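Please read these numbers as outputs of a predicted model, since none were measured by experiment.
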Amino acid sequence: QVQLVESGGGLVQAGGSLRLSCVASGRTFSRYVMGWFRQAPGKERTFVAAISTSGGGTYYTDSVKGRVTISRDNAKNMVYLQMNSLKPEDTAVYFCAAGRLLVHRVDQYDYWGQGTQVTVSS
């Protein structure tokens, strides 16, 4: 069992930056692939980025490549999402998730946090 808690969301102007954090409970954090997803109002939850168990492999959706960096610290049970050059279309609730495969599919992740709101004003 893994419990996830996100933080770091907020209101930012277009072009600004935010760093989201997610802390995981439990001793098995390093065994899980970690992902970030987002959900805008009235839309489905979609993949943003994922990172392998060691941190050596990362995977991004095309719309965020070059602007977003996912990282993890297994000693601290933390995963991060650094977001730069933010756009209004990045506005959404951002969720971290734990799974077994480095994939983009929502149904492949077993544990989810409660989400943190990111709002980008134009």
| query | Just how far is it from atom CG of Asp73 to atom OG of Ser21, taken to the nearest 0.5 Å? | reply | 11.0 Å
| query | At what distance, to the nearest 0.5 angstrom, does SG of Cys96 lie from CD of Glu6? | reply | 4.0 Å
| task | Could you give me the CA-CA distance, side-chain angles and deciding distance for Arg105 and Phe47, then say whether side-chain contact (heavy atoms from CB on, under 4.5 Å) is met? | result | CA-CA 7 Å; Arg105 289 177 52 176; Phe47 172 76; over 6 Å; no
| task | Could you tell me whether Lys87 and Asp90 make a salt bridge, using a distance below 4.0 angstrom between a side-chain N and a carboxylate O? | result | no
For a quick test of reading the model, state the closest non-hydrogen atom pair linking [X] to [Y] and the distance between them.
X	Y	value
Ser54	Arg72	C-CD, 4.5 Å
Ser17	Ser85	OG-N, 4.4 Å
Ala92	Ala40	CB-N, 3.8 Å
Gly115	Val93	CA-CG1, 3.8 Å

| query | How about Arg100 and Asp110: do any of their side-chain heavy atoms sit closer than 4.5 Å? | reply | yes
| query | Do the non-hydrogen side-chain atoms of Gln39 and Glu44 ever get within less than 4.5 Å of each other? | reply | no
| task | Tell me, please, which residues at least two apart from Thr46 pass side chain to side chain contact (heavy atoms under 4.5 Å, CB included). | result | Arg38
| query | Same hydrophobic cluster for Trp112 and Val103, using side-chain heavy-atom links shorter than 4.5 Å among ILVMFWY? | reply | yes
Whether [X] side chain and [Y] backbone form a donor-acceptor pair below 3.5 Å:
X	Y	result
Ser25	Gln3	yes
Asn74	Arg31	no
Thr91	Thr119	no

| field | Under 4.5 Å side-chain linkage, directly or through intermediates, the cluster mates of Leu4 | value | Val2, Val12, Leu18, Leu20, Phe29, Tyr32, Met34, Trp36, Val48, Ile51, Tyr60, Val64, Val68, Ile70, Val79, Leu81, Met83, Leu86, Tyr94, Tyr111, Val118, Val120
| message | Test of understanding: with ring-ring contact (aromatic ring centres under 6.0 Å, His included), list the residues that count as partners of Tyr109, not counting sequence neighbours. | response | Phe37
| field | Heavy-atom neighbours of Gln117 CD exceed 12 at 6.0 Å | value | yes
